Student: 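Below: one structure in structure tokens.
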Amino acid sequence: CLTGISAGPVIVNEGTGGTTNAVFTITLNPPATAPVSVAYATADDSAVAGQDYTASSGTVNFAIGESSKPVSVPVNPDLVDEPAERFFLN
């Protein structure tokens, strides 16, 4: 029986050069007892897709016994000094 799916919070500095990946870990609790597919998609909050990060969506597949998988979302560099921004992985 699947009791929980979560994706922990991630903190990433934008930097001023190339993109940096925000790597979320999707976790099943308890581990998969049968193959499981989890769909995900990013959503804006104070950070805006296309400007601050690259909108991402897809499916993560878990095999029997697996409990965590990474999902990477590219974060764009920025030369502007601004408050922290955030987006969500749903």
Side-chain angles (χ1 to χ4, degrees):
C1 174
L2 184 64
T3 59
I5 300 171
S6 63
V10 176
I11 297 173
V12 175
N13 290 324
E14 289 177 324
T16 57
T19 60
T20 302
N21 284 330
V23 181
F24 293 86
T25 300
I26 297 179
T27 304
L28 300 181
N29 185 17
T33 57
V36 174
S37 295
V38 176
Y40 67 88
T42 54
D44 290 355
D45 186 30
S46 54
V48 177
Q51 178 180 331
D52 298 305
Y53 71 97
T54 301
S56 300
S57 63
T59 303
V60 175
N61 297 304
F62 291 84
I64 294 171
E66 292 185 319
S67 62
S68 64
K69 294 279 185 157
V71 170
S72 295
V73 178
V75 175
N76 299 329
D78 195 338
L79 296 175
V80 177
D81 187 20
E82 58 195 355
E85 297 172 309
R86 68 182 186 178
F87 64 91
F88 299 105
L89 184 73
N90 297 322

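Fair warning: this is a prediction, and the values are worked out from it, not measured in the lab. Residues take their numbers from the sequence shown, with the count starting at 1.
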Student: Check the pair V48 / F87 against side chain to side chain contact (heavy atoms under 4.5 Å, CB included), numbers first and verdict last.
Tutor: CA-CA 8 Å; V48 177; F87 64 91; over 6 Å; no

Student: Applying the side-chain contact (heavy atoms from CB on, under 4.5 Å) test to F62, which of T27, L28, I5 qualifies?
Tutor: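 For F62, the side-chain contact (heavy atoms from CB on, under 4.5 Å) check succeeds only for L28.
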
Student: Which heavy atom of T20 sits nearest to which heavy atom of V12, and what is that distance?
Tutor: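 Looking at all heavy atoms of both residues, the closest pair is CG2-CG1, 3.4 Å.
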
Student: Can you name the nearest heavy-atom pair linking A55 to A49, along with the distance?
Tutor: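 A55 and A49 have their closest heavy atoms at CB-CB, 3.8 Å.
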
Student: Sequence neighbours left out, what pairs pass side chain to side chain donor-acceptor pair (under 3.5 Å) with at least one residue falling in residues 71-81?
Tutor: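 Not a single pair qualifies under side chain to side chain donor-acceptor pair (under 3.5 Å).
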
Student: Hey, what do you get for OG (S6) to CD1 (I26), rounding to the nearest 0.5 Å?
Tutor: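 It comes to 9.0 Å.
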
Student: Among residues two or more places apart or on two chains, list those pairs meeting salt bridge (Lys or Arg N to Asp or Glu O under 4.0 Å) that have a residue in residues 15-24.
Tutor: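 The answer is none; no pair qualifies.
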
Student: With sequence neighbours excluded, tell me which residues meet side chain to side chain donor-acceptor pair (under 3.5 Å) with D44.
Tutor: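 Applying side chain to side chain donor-acceptor pair (under 3.5 Å) to D44 gives Y53.
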
Student: Report the C-alpha separation of E85 and Q51 in whole Å, then their side-chain angles, then the decisive distance to 0.1 Å, and conclude whether the side chain to side chain contact (heavy atoms under 4.5 Å, CB included) test is met.
Tutor: CA-CA 12 Å; E85 297 172 309; Q51 178 180 331; 5.5 Å; no

Student: Can you get from V23 to L89 by hopping between Ile, Leu, Val, Met, Phe, Trp and Tyr side chains that sit under 4.5 Å apart?
Tutor: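 No; L89 is not reachable from V23 via cluster members.
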
Student: Is there a side-chain contact between V73 and N21 in this structure, where contact means two heavy atoms from C-beta onward sitting under 4.5 Å apart?
Tutor: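 Result no, sub-4.5 Å side-chain heavy-atom pair not found.
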
Student: Looking at residues at least two apart in the chain, or sitting in another chain, which of them share a side chain to side chain contact (heavy atoms under 4.5 Å, CB included) with N90?
Tutor: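 With sequence neighbours excluded, N90 shows a side chain to side chain contact (heavy atoms under 4.5 Å, CB included) to A43, F88, given in chain and number order.
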
Student: Listing request: all side chain to side chain donor-acceptor pair (under 3.5 Å) pairs with a residue in residues 54-68, at least two apart in sequence or in separate chains.
Tutor: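 Passing the test, one end in residues 54-68: S37-N61, E66-K69.
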
Student: Does D45 have any side chain to side chain donor-acceptor pair (under 3.5 Å) partners at least two apart in sequence or in another chain, and if so, which?
Tutor: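 So D45 forms a side chain to side chain donor-acceptor pair (under 3.5 Å) with R86.
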
Student: Testing the basics here: between D52 and A47, what is the closest heavy-atom pair and its distance to 0.1 Å?
Tutor: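 Looking at all heavy atoms of both residues, the closest pair is OD2-CA, 3.4 Å.
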
Student: State the CD-OG1 distance between E14 and T19, to the nearest 0.5 angstrom.
Tutor: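 If I round to the nearest 0.5 Å, the distance is 12.0 Å.
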
